[in-house]
A.B. asks: 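Here you go, one structure.
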2 protein chains.
Amino acid sequence: MARSEPGRAVTLTDVARLAGVSVATASKALNGRDQVKDSTRQRVVEAAERLSFTPNPLARGLLAGRTGTVGLLTSDLEGRFVIPILMGAEDAFGAGQVNVFLCDARGDTIREQYHLRALLSRRVDGLIVVGRQTDPRPSLGHAIPVPVVYAYAPSDDPSDLSITPDNVSAGRLAVEHLVACGRTRIAHITGERAYAAARDRADGVQAALHAAGLELVGDMMYSEWSERWGRDAAAVLLARHPEIDAVLCGSDQISRGALDTARDLGRTVPDDVAVMGFDNWEVLTTNARPELTSIDANLQQLGRTAAQRVFAALDGVDIGSGTEYVAGRLVIRGSTVARR
Amino acid sequence: MARSEPGRAVTLTDVARLAGVSVATASKALNGRDQVKDSTRQRVVEAAERLSFTPNPLARGLLAGRTGTVGLLTSDLEGRFVIPILMGAEDAFGAGQVNVFLCDARGDTIREQYHLRALLSRRVDGLIVVGRQTDPRPSLGHAIPVPVVYAYAPSDDPSDLSITPDNVSAGRLAVEHLVACGRTRIAHITGERAYAAARDRADGVQAALHAAGLELVGDMMYSEWSERWGRDAAAVLLARHPEIDAVLCGSDQISRGALDTARDLGRTVPDDVAVMGFDNWEVLTTNARPELTSIDANLQQLGRTAAQRVFAALDGVDIGSGTEYVAGRLVIRGSTVARR
DNA sequence: CTACGTTCAGAAAACCTTTTCGGTGAGTTT
DNA sequence: AAACTCACCGAAAAGGTTTTCTGAACGTAG
């Protein structure tokens, strides 16, 4: 780092000259090829270190056809989903052979096409497409010369590979937890019916209730993903069905609203009524009183898996197609289990 | 897009052949160089379009020494700051000549060094370093052969260029708003004293109070950036100083806590007491009851500026050094001004 | 008709690395 | 001593683009 003159980057030629060999030999020595005597290799390695040589990935990529880069194309305005997915991908790509181009399409198809072209012209080796809903999104098609994996939002084309949270099992998981806590009169408040996430979780809830021999208390309440709706719906529910002992909410935001209403009505959480949500959005869950139990979607895991699939496809493995589901994880906090 | 055989990308040679010229002429024609007859240029352009040719940026970069990429090195785990900054940077880099490598160091110096090396070996043209606090962070040093701009968290080396929110003026802005709303008995609850953001905002608050001929009610309350602290501090404050007519909070999280306490104590917001915060984190502000007035840090603007500075440096302009401040923006909602 | 200038096209070098293939020298076998 | 194998190294091509320089064709002026 000390001697980095901005003038010119140090090239393999410099290393070769210092080591007194040809560039061919230097290349082979540094890349662990055989056909190089050990003593020679040593000389080259030392020279490379003394000059702190790093190979130019452009030249390398030009030849190999591989650039060691992956495009992450997101429409997730807030970065709530894409950041954990990016972190998972970074983990999977591991020891830094791969870097990620992040492009934000901001939910705009034109911009998405535009970024797509830019990424392809940069010869990314693969593509991860992140949506902000779990509803299927339009496929980018099959004219793309690199492997594509859809993360969070699956593709509407079953011949693409998609990886998405398993919201049905998440719904089941939530109910099973409530039942395990001894709750039997469970209501469900969730977000927009237009969202697959809301419907899938509700399906899982119904299935688990049925399996436990229980019935949902009140109607399945769809409306919007907001605290306001959580407050209003909880007020209606608790007035109409005072026997309720658990309110399962479709998101942490809704949970926060339900918690507020419970407090306003003088119902204690969790003793009197339990509350839990989905997403495990920490700024909401850990700041609530009491702290909110939630189902974490394991997005980092999802990102890791997506990256692994891209990797596998690059190595020529057939990664198949269809939608792969990532299970959620129960995070228990004080809103369902009283603190000791 | 129709005819993209994965087999081999279309190269300038193909275009030249189709147009019946040499690669040199084709290159000149497509890049708007003179020394090409108009009719020839036309033929080449048509050929390029028919083959949907896109130049290989690796080859181009290999020669030019420019890659058209910028590294965004962040330690912002949640992406709360980096996403708007990324969006601003994308705006500034504009018509897609530039793409962004996003690397998440996760607050780990080792990982940061590691990513830094990777980015440099990829020959990024510039670097934007994003921190998660406004406190000065260690400089990356001057051995870096590309322009570096520090965003959000400034560098501790004044010879670097940093762009950071102007928290002092944000604090002033907040108090001026409260005073304009007729509030005169203002208290301030904020986060950890170790954070420059907390201290700077507090300084601005004091300055504006002084300018308005007012005194802070109660002590300057530093502790932590959480709703819990907001609740507890507000309870203490309102008990000790019931005359308070405005609680200015150091973050939206703290505001949420203060709102809750006000509600618990039966104080109405905003009629009886106004509450406002900083950051304008929408999931917190727009879901509160009433919705929270806040100071937005204009992070997207900050990202745009950072990108423009990198750009300018690339064009050989001296971008100077020191810290540049981006003003915040008042977002008025129902917690300070009663809804009509 | 010669000298010169202008306009445009192409050949070739350059960027940096990897890989193939040919070659050198030493050692081994017959 | 000749033929052969083996280990090792280097020359050169390849990858796609840009730029410089040379050169050809043509027109114009003397």
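This one's a predicted model, so the numbers in the text were calculated from it and none came from an experiment.
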A.B. asks: Starting at CG of B/Leu63 and ending at C1' of D/dT18, how long is that distance when rounded to a whole Å?
C.D. replies: 5 Å
A.B. asks: Could you give the CG-to-P distance, from A/Asp34 to D/dC8, as a whole number of Å?
C.D. replies: 9 Å
A.B. asks: Nearest-nucleotide wise, let me know which of A/Ser27 and B/Val21 is further upstream toward the 5' end of DNA chain C.
C.D. replies: B/Val21
A.B. asks: Rounded to whole Å, how long is the line connecting atom CG of B/Leu58 with atom C1' of D/dT17?
C.D. replies: 11 Å
A.B. asks: Is the closest side-chain heavy-atom distance between B/Val130 and B/Leu72 below 4.5 Å?
C.D. replies: yes
A.B. asks: Both B/Gly20 and B/Ala59 contact DNA chain C. Taking the nearest nucleotide for each, which residue is further toward the 5' end?
C.D. replies: B/Gly20
A.B. asks: Starting from P on D/dT20, measure out to CZ on B/Arg33 and report it in whole angstrom.
C.D. replies: 9 Å
A.B. asks: Just N and O in the side chain of A/Thr40: are any of them under 4.0 Å from OP1 or OP2 of D/dC8?
C.D. replies: no
A.B. asks: Is any side-chain nitrogen or oxygen of A/Ser22 closer than 4.0 Å to OP1 or OP2 of D/dG10?
C.D. replies: yes
A.B. asks: What is the distance, to the nearest angstrom, from the CG atom on A/Leu62 to the P atom on C/dC15?
C.D. replies: 14 Å
A.B. asks: Find the distance A/Gln35:CD to D/dG10:P and express it as a whole number of Å.
C.D. replies: 13 Å
A.B. asks: Does A/Asn56 put a side-chain nitrogen or oxygen below 4.0 Å from OP1 or OP2 of C/dC15?
C.D. replies: no
A.B. asks: Do B/Arg106 and A/Glu90 meet the salt-bridge criterion of a basic N to acidic O distance under 4.0 Å?
C.D. replies: yes
A.B. asks: So, is B/Arg60 near the phosphate of D/dG16, with a side-chain N or O under 4.0 Å from OP1 or OP2?
C.D. replies: no
A.B. asks: Does OP1 or OP2 of D/dC8 have a side-chain N or O of A/Thr25 closer than 4.0 Å?
C.D. replies: no
A.B. asks: Would a 4.5 Å heavy-atom cut-off, applied to side chains only, mark A/Phe53 and A/Asp14 as touching?
C.D. replies: no
A.B. asks: Can you find a pair of side-chain heavy atoms, one from A/Arg137 and one from A/Val129, that are under 4.5 Å apart?
C.D. replies: yes
A.B. asks: For B/Phe53 and D/dT18, what is the distance between atoms CZ and P respectively, to the nearest whole Å?
C.D. replies: 7 Å
A.B. asks: Rounded to whole angstroms, how far apart are NZ on A/Lys28 and P on D/dA12?
C.D. replies: 14 Å
A.B. asks: Side chains of A/Glu324 and A/Ser162: closer than 4.5 Å at any heavy-atom pair?
C.D. replies: no
